[in-house]
Amino acid sequence: MTNWSASNSEGAMVSAFEKLARPIQKWVRSKGWRELRQVQADAVHAISDSEADIIVSASTAGGKTEAAFLPLISKVIDEPWDGGGFDILYLGPLKALITDQAMRLEDICREVELPVIPWHGDISSSIKSKAVKAPRGILLITPESLEALFIRRGMQIPRLFKNTRAVVIDELHSVLDSERGVQMRSLLTRLEISVGRQIRRIGLSATLGNMKLASTYLRPGNPEQVKLIETEGGEAELLLQLRGYKTGEKDSERQAVTEEIAAHLFKHLRGSDNLVFAGARQSVEIYADRLRQRCENERLPQEFYAHHASLSREHRDFVEKRLKDGQLPTTAVCTSTLELGIDIGDVACVAQIGAPFSVASLRQRLGRSGRREGQPAILRQYIVEAQLDSRSGFADKLRLGLVRAIAMIELLLEGWCEPPNKAALHLSTLVHQILSLIAERGGAKANRLYRVLCQEGPFRLVSVEIFQDVLRALGDPETGLIEQAGDGLLLLGPTGERLVEHYGFYAVFETPEEFRLIHAGRELGTLPVDNILAPGMLLIFSGRRWVVEEVHDLEKVILVVPASAGTPPAFSGGDPGLIHDVVIKKMFDLLEGSYEPTYLDQTSRSMLAEARNHFERLGMATTPVVYEQDGTYAVATRCGTVKNATLALALGAYGYRVTRYDGFLTVESSDSQPPLLETLNEFASGKPVDLFRRSPNLVFDKFHRFLTPELLRHDARSKRLDTNSLEETTLRLIGNSFVQT
DNA sequence: GACCTGCTGCGGTTTG
């Protein structure tokens with residue numbers, strides 16, 4: 001038999017294995033495991049010996065699920081409680097993940113007769129009503145379905161969860177700072193208030209950038225008490241290459257470069273499983289088309305497939321299955337759809353086309369490769385930059401795409417990644433939770449709403465004044481979301497009723513209306529309605545070429561048949577990404593330094609040299625504001641997106657025309673504006689600026705349309721802008737000497 | 001200057 005030694009570094013006398021319930025020990029043995037992994041053993045001790053909140057942080061396929069559930073299920077078996085209710089609650093961000101995890105848990109629970117209940121939109125209502133009638137076992141649910149439980153069966157929440165011992169939050173890193181994460185934390189607070197006690201929280205996550213902040217997200221009131229369990233080291237060897245390409249402005253020149261990159265991918269990826277992250281859905285379609293064409297031309301079996309959110313579930317399942325099976329070589333050209341979530345097995349290589357938006361996501365993507373013992377992780381980064389001529393723009397000359405890609409890789413190698421931003425108000429989601437909380441109880445007093453959501457829940461930055469303004473906006477007869485009864489009880493108004501009753505209410509994020517694309521009765525996927533399509537038009541979609549046959553406007557359906565040519569459609573633009581200050585700082589280190597990464601190819605190395613030359617010629621290392629030509633200045637702000645946008649908006653309020661780049665602005669001024677340096681000097685002296693003077697668009701999130709302009713400005717200031725940074729940024733730009741003039 | 005994620009109850013029909 002195996003040697004099950006005590007694996008706790010503190011020298012626990014009892015081994016982790018011995019702390020597991022008998023049937024669970026039997027299950028572990030039946031798996032043929034030689035020993036528990038370090039995270040698993042640590043988690044067994046932590047969960048068995050205390051009631052502490054815990055974060056288990058380990059790479060994909062590191063055994064986190066077992067680390068949390070083996071001891072939790074053991075507790076349910078060894079210390080049974082009477083009275084019914086779900087024993088363990090699991091929250092997962094994806095339906096596919098819930099299905100996957102339910103299968104793994106069912107395997108563990110088979111011998112112990114503990115029900116495992118997956119619960120999301122695709123689960124039949126009969127299974128759900130059965131589970132509600134006799135609740136026990138492990139409930140695996142999405143945040144949206146839990147939201148629906150609160151709204152539809154609010155009164156039953158205490159009965160369902162009175163005996164729940166723990167809530168396991170999977171993929172914690174993916175919900176840290178998002179609207180969806182705030183919703184989840186609000187629901188967990190409401191759950192605890194509903195059952196009248198704290199429920200232990202266990203977060204599972206890939207490596208997090210900042211464990212302290214993650215603890216604050218897991219248990220806001222008491223982050224110091226959160227136990228952290230991390231894997232040390234064990235990182236696979238990393239093989240890296242960055243290839244640079246130059247293109248002219250003509251379509252033919254761009255296509256030639258696309259062809260070159262496709263040829264390189266084809267040569268190196270064919271015959272194995274790989275992921276190509278192409279950045280945007282349109283670009284996914286283009287590269288999938290080029291790669292498939294190569295297979296056809298060489299009469300080889302097809303192994304390149306497109307994968308993004310607009311493609312049909314059926315097609316996506318097919319691609320995922322092919323990757324997971326490992327039988328036939330498969331390369332998925334994808335967006336972030338394949339960045340996290342379900343296990344698709346190990347891939348040989350990860351390719352990234354264009355600079356990524358965050359180090360965190362680059363790290364997550366790379367984690368898909370090199371997971372097998374002794375296998376290196378491989379990253380192939382492709383960057384396309386412009387051919388320079390006399391008319392070349394600022395960003396082209398500084399090669400900002402290339403420099404950002406290098407900065408991201410360097411930070412990845414240093415082990416850094418973006419921490420979550422914790423300062424936002426999240427007013428859109430606050431509106432959602434106010435309506436949901438009123439619906440849960442059929443009515444609520446204002447002070448209770450404030451206590452539950454803002455004092456005990458996640459909206460702690462919302463002051464009483466702002467909260468009252470939000471209630472007033474919702475109660476405005478024009479809006480009609482809520483109304484006040486004689487005794488001060490807040491109820492849903494007619495509009496509020498309708499909104500909450502519709503199933504589209506449960507999610508806190510918005511999705512645009514789309515056409516369904518159909519060929520021979522089968523749905524290929526969906527396209528945003530802003531594409532203008534008419535019969536006869538050619539299209540590339542799902543990596544293949546089509547011609548439009550019929551457009552049914554009312555049903556939002558487009559019928560297509562195969563064609564021999566096509567162009568990729570436009571997909572709606574999303575939110576611009578927020579590049580972190582640290583990434584920009586790294587970009588400037590690269591521009592000012594002479595370090596040459598060994599992973600650059602010849603073209604990218606010469607382009608980095610061009611960027612450094614131009615930066616030096618501009619003199620921006622010492623003079624952050626330089627005159628370019630025709631009334632245009634270049635400004636090296638050295639700031640990430642938020643601070644850069646703040647300065648851009650401030651200058652815009654004074655009438656300057658401003659263009660934003662990573663770490664830079666260009667500013668056009670005419671005679672009607674004061675000299676730029678004078679304006680910067682005013683900002684630096686702390687003179688208040690009305691950032692919203694030119695009424696920029698502030699409606700970004702699902703429930704923003706119910707808020708007043710003033711509340712929208714508060715929300716924007718808390719997340720997209722940093723008003724306090726203006727003085728500091730501009731002081732750095734003009735230098736101390738200038739202040740005295 | 002981008003991507004991703006989610007969804008109830010009820011009425012109708014079919015089947016055992």
Side-chain angles (χ1 to χ4, degrees), chain A residues 91-99 119-129 132 141-154 170-171 173-176 178-184 187 277-285 307-311 313 316 333-342 352-358 360-362 364-365 395 400-401 404-405 429 432 436 439 498-512 526 528 570-579 583 640-642 644-645 648 659-664 700-702 720:
Chain A
L91 276 167
L94 306 170
K95 288 187 288 192
L97 190 60
I98 284 178
T99 309
W119 180 309
H120 54 66
D122 299 344
I123 303 288
S124 80
S125 54
S126 61
I127 292 179
K128 290 174 182 168
S129 44
V132 167
I141 196 167
T142 59
E144 287 74 17
S145 283
L146 184 60
E147 182 81 58
L149 264 184
F150 270 93
I151 290 172
R152 305 270 165 190
R153 312 176 206 241
D170 208 351
E171 305 272 15
H173 56 281
S174 75
V175 286
L176 282 184
S178 58
E179 297 299 323
R180 208 169 173 215
V182 172
Q183 171 190 31
M184 208 171 77
L187 291 172
F277 290 95
R281 281 171 286 181
Q282 188 175 46
S283 165
V284 165
E285 290 292 347
H307 192 287
H308 58 72
S310 295
L311 296 175
R313 189 67 250 174
R316 288 169 64 176
V333 186
C334 59
T335 56
S336 50
T337 38
L338 290 177
E339 188 175 302
L340 60 88
I342 60 148
Q352 167 77 36
I353 301 174
F357 284 91
S358 77
S361 107
L362 182 63
Q364 193 76 27
R365 290 171 184 189
L400 290 181
R404 193 173 93 204
T429 302
H432 182 260
S436 169
R498 238 176 298 132
L499 195 69
V500 173
E501 261 168 34
H502 192 270
Y503 65 79
F505 177 74
Y506 308 125
V508 292
F509 52 86
E510 197 151 43
T511 33
T526 57
F571 296 93
S572 308
D575 249 0
L578 303 181
I579 310 284
V583 174
T641 313
V642 169
N644 222 26
T659 312
R660 289 155 47 188
Y661 304 95
D662 289 345
F664 296 90
F700 294 100
D701 296 324
K702 190 174 176 187
R720 291 164 191 279

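Reminder, nothing fancy here: chain letters follow the sequence lines and each chain counts from 1. Heavy-atom basis, side chains included; hydrogens, waters and symmetry copies ignored.
Between E501(A) atom CD and dC7(B) atom C1' the separation is 15 Å, expressed in whole Å. Residue R281(A) contributes atom CZ, which lies 11 Å from atom P of dA2(B) at whole-angstrom precision. One can place NE2 of H120(A) at 12 Å from C1' of dC7(B), the figure rounded to the nearest angstrom. The separation between Q364(A) atom CD and dC3(B) atom C1' is 14 Å, rounded to whole Å. Computed from coordinates, the I579(A) CD1 to dC3(B) C1' distance equals 13 Å when rounded to whole Å. Between the CG atom of L91(A) and the P atom of dC7(B) there is a distance of 12 Å, rounded to whole Å. The nearest whole Å value for the distance from the CZ atom in F509(A) to the C1' atom in dG6(B) is 4 Å. Between the NE2 atom of H432(A) and the C1' atom of dC7(B) there is a distance of 10 Å, rounded to whole Å.
Here R152(A) lies in heavy-atom contact (under 4.0 Å) with sugar-phosphate atoms only. Among the protein residues, R153(A) comes within range of the sugar-phosphate backbone only, with heavy atoms under 4.0 Å from sugar or phosphate atoms but none that close to a base. Heavy atoms of R313(A) sit nowhere under 4.0 angstrom from any nucleic acid atom. At the heavy-atom level, H308(A) lies under 4.0 Å from the strands shown only through sugar-phosphate atoms. Heavy atoms of D122(A) sit nowhere under 4.0 angstrom from any nucleic acid atom. When heavy atoms are screened at a 4.0 angstrom cut-off, G279(A) is found touching the sugar-phosphate backbone but no base atom.
Closest to the side chain of A280(A), out of dC3(B), dT8(B), dC4(B), is dC3(B). Checked against dG6(B), dT8(B), dC4(B), the side chain of K128(A) finds its nearest nucleotide in dT8(B). Side-chain proximity of T142(A) to the nucleotides dT8(B), dG6(B), dC3(B) is greatest for dG6(B). Ranking dG6(B), dC4(B), dT8(B) by closeness to the A507(A) side chain, first place goes to dG6(B). Distances from the side chain of F357(A) to the nucleotides dA2(B), dC7(B), dT8(B) place dA2(B) closest. The T335(A) side chain lies nearest to dC4(B) when the options are dC4(B), dG9(B), dT5(B).
Stacking is not found between Y506(A) and the pyrimidine-like six-membered ring of the dT8(B) base under the 5.5 Å centre-distance and 30° plane-angle cut-offs.
You'll find the side chain of L362(A) stays beyond 4.5 Å of the side chain of F357(A), heavy atoms only. The side-chain heavy atoms of H120(A) and E144(A), taken from C-beta on, include no pair separated by under 4.5 Å.
Side-chain atoms of S145(A) and base atoms of dG6(B) include no donor and acceptor less than 3.5 Å apart.
Contact check, T337(A) against dC3(B): no side-chain N or O comes under 4.0 Å of OP1 or OP2. Residue R365(A) has no polar side-chain atom (N or O) positioned under 4.0 Å from OP1 or OP2 of dC4(B).
Here the CG-OG1 distance, from D662(A) to T641(A), works out to 6.5 Å after rounding to the nearest 0.5 Å.
Looking only at atom types and distance, the side chain of S310(A) has a donor-acceptor partner in the side chain of R281(A) under 3.5 Å away. Checked by atom type, the side-chain pair Y506(A)/R152(A) shows a donor-acceptor distance below 3.5 Å.
No option in V175(A), L146(A), V508(A) other than V508(A) meets the side-chain contact (heavy atoms from CB on, under 4.5 Å) test with Q183(A).
Comparing P143(A) and D662(A) along DNA chain B, the residue whose closest nucleotide (by nearest heavy atom) sits nearer the 5' end is D662(A).
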